[in-house]
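I have placed the structure first, in the form of structure tokens, so that the comments after it can refer back to it.
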Amino acid sequence: MAKAPIITPQAQDFPRWYQDVLAKAELADNGPARGTMVIRPYGYAIWERMVAEVDARIKATGAENAYFPLFIPESYLQREAEHVQGFSPELAVVTHGGGKELEEPLVVRPTSETVIGEFMAKWVQSHRDLPLLLNQWANVVRWELRPRLFLRTTEFLWQEGHTAHATEADAAAYARRILHDVYEDFMVSVLAIPVVVGRKTSDERFAGATNTMTCEALMADGKALQMGTSHELGQNFARAFGIAFQDESGTEQTAWTTSWGVSTRMMGGLVMAHGDDAGLRLPPNVAPIQCVVLLIRDESGAGERAALIAEALRTAGVRVRLDDRVDQSFGRRATEWELKGVPVRVEVGPRDLAEEQAVVVRRDTNTKSTVPLAGLAAAVADLLGAVQSSLLDEARARRDTATVDVSDLDGVVAAGRSGFARVPWPVVRDEGAALRAEALTVRCLQSVDGGVASDEGDDTAAYVARAY
RNA sequence: CGGGCUGUGGCGCAGUUUGGUUAGCGCGCUUGACUGGGGGUCAAGAGGUCGGAGGUUCAAAUCCUCUCAGCCCGACCA
């Protein structure tokens with residue numbers, strides 16, 4: 001029986017589809033104040049998985065976590081000219097506290113280069129104090145005129161790393177290490193999202209940076225999403241905040257700093273990169289529930305068997321959930337787990353158990369197979385691996401198909417409508433207005449070998465796309 | 001901040017043009033029964049200051065004035 005679709009089909013209205021998925025998969029709600037977001041338990045569980053994976057990678061590079069204040073004296077922002085100019089339009093400013101007007105307004109952090117710079121200056125005296133590698137997990141506020149859940153909210157959660165180095169080369173190397181070993185690796189191997197990694201043009205650079213590098217992903221609707229950035233800040237903030245040290249020869253030198261971050265925006269990217277008309281599709285590596293054991297009917301001891309099966313899977317290292325809510329219909333529950341993107345379902349009822357088997361369904365392809373209970377744990381483990389890699393393959397194939405080499409502006413406009421136009425940088429360098437008219441932007445630049453461009457030279461390739 | 005639109009049970013909407021008696025519908029929710037291998041069926045229920053304020057009128061969801069909020073499209077952004 002053909003039922004009305006549970007969520008709006010992607011092809012009909014992609015933004016609506018996105019909202020439907022967030023609601024039906026119980027990921028997030030709009031908060032009461034404009035632009036704010038309530039992350040629901042299931043959505044937050046996914047975020048916690050992201051945090052765990054990113055945090056481990058950050059720590060592997062030697063950085064340590066710390067915490068800096070939410071409120072920043074307004075004067076701090078003003079110390080770096082480009083920085084304050086870039087951020088002032090989206091600042092939330094506290095002017096009153098304790099019932100009195102404050103002598104100096106406090107900015108709610110939009111990012112923490114300034115406070116952290118102030119403290120780095122205190123902590124760094126000697127070359128022996130470098131590199132100083134810090135990270136913090138925090139919320140930040142950027143006043144948004146057009147918010148969209150996860151993709152662009154006034155308050156969002158993120159990780160911001162801030163480092164100080166003795167040399168420009170060391171800072172540059174570290175910013176690249178974060179870009180590749182933390183962000184790119186996480187996005188590809190955990191989120192199963194292939195990314196185009198490159199250099200931002202000066203127009204798109206972070207306010208106050210000398211170089212911004214980015215991981216750009218392609219969503220199912222052909223629009224690009226900036227998933228993470230890593231910045232070389234040169235000596236801009238070090239000079240503004242006096243981050244200086246004595247080198248081996250006793251000469252005072254100014255440090256070189258970096259900053260880098262990924263945010264809850266990745267949640268939106270995850271949804272839009274893998275989701276289909278049946279809802280979310282989560283890669284097992286980031287799925288809070290990797291496998292749900294769905295009890296069909298509790299007869300002939302089926303309930304106890306199902307619990308044992310779930311327990312066995314848990315022992316085998318699978319993040320498993322037992323769904324024995326037999327008072328709700330099978331179809332409803334199956335649909336619910338499908339909407340939530342759980343990679344693998346194990347369906348068991350009296351019939352299967354009598355034959356010592358279970359029906360196993362993978363979410364990405366919706367294919368079913370019958371598996372003997374004796375080999376279930378191994379089969380589920382195999383399937384989780386298969387789902388992880390096939391989601392990545394699928395996303396990569398779509399990205400590759402949607403990436404078109406072109407050589408002139410018309411080609412850029414045509415290809416940019418549905419994906420990435422890859423074009424020699426000089427072709428679009430001075431075409432900002434023309435691109436904007438087509439809602440296109442240069443996402444990043446790559447060098448001839450496909451690596452991150454080291455400058456904006458004539459031999460670099462520009463990736464142009466519509467973007468979130 | 002410019003242009004367009006919308007506010008009616010939790011969600012989605014009808015009703016407004018042409019004022020009229022208990023403001024409807026779908027989904028969801030509650031209770032019960034029968035069910036059960038892809039949003040099951042039936043029955044009985046709960047739930048609404050019609051965004052807010054003021055006005056016109058015998059009578060306002062409906063007409064008038066003001067106001068607030070949200071959405072979409074543009075310029076800015078992780």
Side-chain angles (χ1 to χ4, degrees), chain A residues 1-8 13 15-16 19-20 23-24 29-35 85-91 109-112 138-148 150-161 183 200 203-207 209 212 214-217 224-231 259-269 278-279 294-299 302 325-339 345-355 357-361 366 368 370 432-433 436-439 441 467-468:
Chain A
M1 178 165 62
K3 285 275 178 187
I6 292 157
I7 54 180
T8 308
D13 184 345
R16 185 69 182 274
Q19 291 181 350
D20 286 351
K24 293 286 187 175
D29 267 332
N30 281 302
R34 180 178 166 77
Q85 196 187 338
F87 278 106
S88 52
E90 39 187 349
L91 291 181
R109 65 175 163 227
T111 177
S112 302
N139 57 338
V140 288
V141 167
R142 298 180 186 179
W143 215 256
E144 287 295 344
L145 301 175
R146 269 187 70 188
R148 297 187 59 170
F150 288 123
L151 301 173
R152 203 190 294 111
T153 47
T154 284
E155 179 190 7
F156 58 91
L157 306 183
W158 78 344
Q159 146 284 308
E160 52 177 323
Y183 295 163
K200 284 292 189 186
D203 281 353
E204 303 269 328
R205 197 182 283 156
F206 175 75
T212 289
T214 179
C215 294
E216 300 281 329
L225 180 72
Q226 180 174 309
M227 297 270 287
T229 48
S230 183
H231 316 287
S259 69
W260 26 278
V262 292
S263 72
T264 38
R265 169 178 276 188
M266 291 193 296
M267 293 285 294
L294 193 49
L295 175 65
I296 290 162
R297 223 173 340 144
D298 190 6
E299 282 170 13
R325 300 170 296 169
V326 289
D327 52 326
Q328 288 187 45
S329 77
F330 167 79
R332 155 139 339 225
R333 292 180 292 142
T335 305
E336 178 185 330
W337 295 117
E338 204 165 64
L339 281 164
R345 285 200 309 280
V346 171
E347 303 175 350
V348 290
R351 258 183 255 167
D352 307 291
L353 294 172
E355 297 171 48
Q357 61 186 30
V359 173
V360 176
V361 190
N366 202 29
K368 298 185 183 186
T370 302
R436 222 169 295 121
E438 297 290 334
T441 50
Y468 278 98

Check your understanding: After noting the C-alpha distance and the side-chain angles of A/Gln357 and A/Thr370, does the key distance pass the side chain to side chain donor-acceptor pair (under 3.5 Å) rule?
Key -> CA-CA 7 Å; A/Gln357 61 186 30; A/Thr370 302; 4.8 Å; no
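Shown here are the ring-ring contact (aromatic ring centres under 6.0 Å, His included) partners of A/Phe156, two or more places apart in sequence or in another chain: A/Trp158.
Donor-acceptor pairing under 3.5 Å, judged by distance alone, is absent between the side chain of A/Lys368 and the base of B/G37. Between the side chain of A/Arg345 and the base of B/G38, a donor-acceptor pair under 3.5 Å is found.
The shortest distance between the side-chain N/O atoms of A/Arg34 and the OP1/OP2 oxygens of B/C71 is below 4.0 Å.
Rounded to whole Å, the P atom of B/G26 lies 23 Å from the corresponding atom of B/G32. Between B/G51 and B/U17, the distance separating the two P atoms is 15 Å to the nearest Å. Between the P atoms of B/U67 and B/C1, the separation comes to 14 Å (whole Å). Look at the P atom in both B/U22 and B/A33: the space between them is 37 Å, to the nearest Å. Straight-line distance between the P atoms of B/C50 and B/G9: roughly 10 Å, to the nearest whole Å. Comparing B/A44 with B/A60, their P atoms are spaced 34 Å from each other, to the whole Å. For the P atom pair drawn from B/G52 and B/G7, the interatomic distance equals 13 Å after rounding to whole Å. B/A61 sits 10 Å from B/G19 when the C1' atoms are compared, rounded to a whole Å.
Distance CH2 (A/Trp143) to P (B/C1): 13 Å, rounded to an integer number of Å. Residue A/Arg152 contributes atom CZ, which lies 12 Å from atom C1' of B/A75 at whole-angstrom precision. Distance NZ (A/Lys200) to P (B/C76): 14 Å, rounded to an integer number of Å. Rounded to an integer number of Å, the gap from A/Gln328 CD to B/G37 P is 14 Å. For A/Ile7 and B/G12, the CD1 to P distance is 17 Å, given to the nearest whole Å. Distance, A/Asp327 CG to B/G40 C1': 14 Å, rounded to whole Å. The CZ-P distance, from A/Arg205 to B/C76, rounds to 17 Å in whole Å. Atom CG of A/Leu225 and atom C1' of B/C77 are 12 Å apart (whole Å).
Residue-level contact check: A/Glu336 touches neither bases nor backbone, having no heavy atom under 4.0 Å from any strand. If you check every strand for non-hydrogen atoms under 4.0 Å, A/Asp29 touches nothing. A/Gly349 comes within contact range of at least one nucleobase, with a heavy-atom separation under 4.0 Å. Residue A/Glu216 is classed as having no contact, given no heavy-atom separation below 4.0 Å to the nucleic acid. Residue A/Val359 is classed as a base contact, given a heavy-atom separation below 4.0 Å to a base. In this structure, A/Lys24 reaches the bases: a heavy-atom distance under 4.0 Å links it to at least one base atom across the strands shown. Using a 4.0 Å heavy-atom criterion, one finds that A/Glu347 contacts the bases of the nucleic acid, with or without backbone contacts as well. At the heavy-atom level, A/Thr153 lies under 4.0 Å from base atoms of the strands shown. Within the nucleic acid shown, A/Asn366 comes within 4.0 Å of at least one base atom, counting heavy atoms only.
Of all non-hydrogen atoms in A/Pro350 and A/Arg297, the two that sit nearest each other are CD-O, 3.5 Å. Nearest approach of A/Lys200 to A/Glu216, heavy atoms of both residues: NZ-OE2, 2.8 Å.
Distances were taken from every side-chain heavy atom of A/Arg146 (C-beta onward) to each of B/C76, B/G74, B/G37; the shortest belongs to B/G74. Closest to the side chain of A/Leu145, out of B/G28, B/C1, B/G37, is B/C1. Nearest to the side chain of A/Ser329, among B/G40, B/G37, B/A75, sits B/G40. Listed nucleotides B/C77, B/G37, B/G38 differ in distance to A/Asp352; the shortest reach to its side chain belongs to B/G37.
Between the CG atom in A/Leu225 and the CZ atom in A/Arg152 there is a gap of 10.0 Å [rounded to 0.5 Å]. The OG1 atom of A/Thr8 sits 4.0 Å away from the CG atom of A/Asp20 when rounded to the nearest 0.5 Å.
Where A/His231 and A/Ala358 meet RNA chain B, the nucleotide closest to each residue was compared, and A/Ala358 sits on the side nearer the 5' end.
At least one side-chain heavy atom of A/Pro110 sits less than 4.5 Å from a side-chain heavy atom of A/Leu91.
Consecutive Watson-Crick or G-U pairs involving RNA chain B, each under 3.5 Å on both distances, make up stems of three or more pairs at B:1-7 with B:68-74, B:10-13 with B:24-27, B:29-34 with B:40-45, B:51-55 with B:63-67.
A centroid separation of less than 6.0 Å is found between the aromatic rings of A/Phe87 and A/Phe206.
A/Glu338 and A/Lys24 are not joined by a salt bridge, as no carboxylate oxygen comes within less than 4.0 angstrom of a charged side-chain nitrogen. Ion pairing between a basic and an acidic side chain is recognised when a charged N comes within 4.0 Å of a carboxylate O; A/Glu299 and A/Arg351 show no such pairing.
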